[in-house]
> 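Have a look at this one before I ask anything.
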2 protein chains.
Amino acid sequence: MFSSKPYLDINKLVKWNLEFDLGLTNKSVKKGDVFLKEGQPCKHLYYILKGFVRIYYLDLEGNQITHWFCADDAIITSPFSYVKGERNILYFEAMEDTELVLISASQLNTLIQHVPELGEGMRQMNAEFAMILSRRIMSIHTQTAEERYLNLMEQHPLLFQKAKLSQIASFLGITQQSLSRIRKNL
Amino acid sequence: MFSSKPYLDINKLVKWNLEFDLGLTNKSVKKGDVFLKEGQPCKHLYYILKGFVRIYYLDLEGNQITHWFCADDAIITSPFSYVKGERNILYFEAMEDTELVLISASQLNTLIQHVPELGEGMRQMNAEFAMILSRRIMSIHTQTAEERYLNLMEQHPLLFQKAKLSQIASFLGITQQSLSRIRKNL
DNA sequence: TTACTTTTTTACCATAGGTTAAATTTTTCC
DNA sequence: GGAAAAATTTAACCTATGGTAAAAAAGTAA
């Protein structure tokens with residue numbers, strides 16, 4: 001759903017890791033693993049080398065609400081926790097076997113000190129992320145659930161092979177029954 | 001709705017403007033003025049020294065949909081245009097007499113070269129903005145319109161003195177008639 | 001295959017919010 | 001103040017989506 005490639009080249013990152021002795025760590029997670037849970041502080045950015053991750057949270061009744069789907073080259077974190085130190089409410093679930101590179105805040109700062117233009121890149125990345133979120137709010141305010149579903153199908157067809165319809169439904173902001181009804185009516 | 005104060009101190013900005021000869025410009029707009037329109041490229045960040053601004057866009061039927069309300073010390077821009085150079089779709093309307101400081105991308109870059117920690121600040125500001133947008137999507141997905149209205153009343157009571165109910169309704173994602181009905185049922 | 005579990009669909013009714021139109025209240029301006 | 005315009009409320013009706021429950025389909029494992 002979002003690629004960080006224009007802002008952070010993973011090959012360069014690997015090179016810088018050696019050059020500046022950053023000590024970045026890797027993490028492999030199996031399909032189905034929930035590698036970040038509500039209440040666990042999120043101390044890293046996660047660069048998804050390869051795989052597919054669903055970010056969700058729980059509503060008051062305990063239902064999982066999908067907040068985001070993330071594929072190769074996405075950089076994800078729980079901003080509430082990572083940036084502001086607030087209690088983390090997000091779950092990160094690997095929807096398939098996934099390879100991650102973990103980047104702590106201090107490692108990122110060190111890296112940016114050595115490569116100042118990366119600071120600009122990260123700033124732009126955050127700005128683009130805010131834009132994507134703005135667009136999503138706009139689509140909620142101007143489109144029907146059916147239109148949002150058709151857009152998603154068109155823009156991310158692979159998503160429907162990797163995620164359950166119930167997970168996609170909550171991402172679209174509707175129940176799985178409503179999504180099923182929308183699909184029936186084509 | 002959002003203050004940039006933790007990330008950019010306006011007094012320092014004024015000082016830096018002189019110190020580094022940035023050439024920042026000011027702009028005064030009268031109540032009711034629409035100082036950015038759809039199709040006009042947005043070349044600046046706007047620092048709101050004093051005033052109140054509504055950001056809106058038009059849906060397919062031409063209805064104004066309020067995207068954001070912004071008060072003193074907010075930094076606003078049309079990210080689609082400012083960051084990505086895409087066609088601007090946002091309108092910026094002064095809801096009361098408003099004093100702005102304009103910051104171009106090149107001025108910002110110059111400033112960050114002189115004050116590197118400001119780059120980090122801007123990055124965090126963008127991250128916080130993404131968080132606020134995430135929270136808004138979450139509230140749409142987990143709360144009723146009535147709950148969102150009550151939250152808004154509680155968190156931004158002054159907003160209801162400055163904005164029309166129809167403008168607040170579209171911000172909440174409902175029609176003005178629905179908002180009226182919600183208010184009647186207390 | 002069969003049995004079992006999970007996911008998806010279907011159906012029925014309930015409800016929040018949309019649509020249209022008109023009435024009412026508030027604001028603006030002469 | 002009073003007329004006109006704008007904003008807000010009210011009402012009747014309509015529609016999309018939610019809630020519940022059950023059936024059907026798909027996936028999994030022995």
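Within every chain, numbering begins at 1; the chains are lettered A, B, ... in the order of the sequence lines, protein sequences first and strands thereafter.
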> Which nucleotide, D/dG19, D/dT8, D/dT20, lies nearest any side-chain atom of A/Thr175?
D/dG19

> For D/dT17, does either OP1 or OP2 sit under 4.0 Å from a side-chain N or O belonging to A/Ser178?
no

> Rounded to the nearest Å, what distance is computed from the CZ atom of residue B/Arg183 to the C1' atom of nucleotide D/dT8?
9 Å

> Whole angstroms only, please: what is the NZ-P distance between A/Lys162 and D/dG27?
17 Å

> Just how far, in rounded Å, is P of D/dT15 from CD of A/Glu147?
17 Å

> Side chains of A/Thr77 and A/His44: donor-acceptor distance under 3.5 Å anywhere?
no

> Which whole-number value in Å describes the distance from B/Gln177 CD to D/dT15 P?
17 Å

> Have a look at B/Phe69 and tell me which of B/Phe171, B/Phe92, B/Phe2 forms a ring pair (Phe, Tyr, Trp, His ring centres under 6.0 Å) with it.
B/Phe171

> Between the side chain of A/Thr175 and the main-chain N/O of A/Ser178, is any donor-acceptor distance below 3.5 Å?
yes

> Is the cationic atom of B/Arg135 (NZ for Lys, CZ for Arg) positioned less than 6.0 Å from the six-membered ring centroid of A/Phe80 and within 45 degrees of its normal?
no

> Within the structure shown, what part of the strands sits under 4.0 Å from B/Gln176 by heavy-atom distance: base, sugar-phosphate, or nothing?
base

> Starting at CG of A/Leu179 and ending at C1' of D/dG18, how long is that distance when rounded to a whole Å?
14 Å

> Can you figure out which of D/dT9, D/dA11, D/dT17 approaches the side chain of B/Lys184 most closely?
D/dA11

> Please tell me if the side chains of A/Thr110 and A/Trp16 come closer than 4.5 Å, counting only heavy atoms from C-beta onward.
no

> From the 5' end of DNA chain C to its 3' end, which nucleotides mark the outer limits of contact with chain B, defined by a 4.0 Å heavy-atom distance cut-off (strictly under)?
C/dG17 to C/dA21

> Between A/Ser139 and A/Arg148, does any side-chain donor sit less than 3.5 Å from a side-chain acceptor?
no

> When the axes are fitted on five pairs at both termini, how much does the helix from C/dT1-D/dA30 to C/dC30-D/dG1 curve, in 10° steps?
50°

> Which is more 5' along DNA chain D, the nucleotide nearest B/Arg181 or the one nearest B/Ala163? Just name the residue.
B/Ala163

> Please determine whether side-chain contact (heavy atoms from CB on, under 4.5 Å) holds for the pair B/Tyr91 and B/Leu58, giving the CA-CA distance in whole Å, both sets of side-chain angles, and the decisive distance to 0.1 Å.
CA-CA 9 Å; B/Tyr91 295 75; B/Leu58 303 181; 3.4 Å; yes

> I need the minimum non-hydrogen distance between A/Leu102 and A/Gln107, along with the two atoms involved.
O-OE1, 3.7 Å

> With DNA chain C as reference, determine whether B/Ile174 or A/Leu165 sits nearer its 5' end, using the nearest nucleotide of each.
A/Leu165

> Send over the distance from B/Lys164 NZ to D/dA5 P, rounded to a whole Å.
16 Å

> Grab the CD1-P distance between B/Ile140 and D/dG18 for me, whole Å please.
14 Å

> Looking only at side-chain N and O atoms, does B/Ser3 offer a donor or acceptor that is under 3.5 Å from a partner on B/Asp73?
no

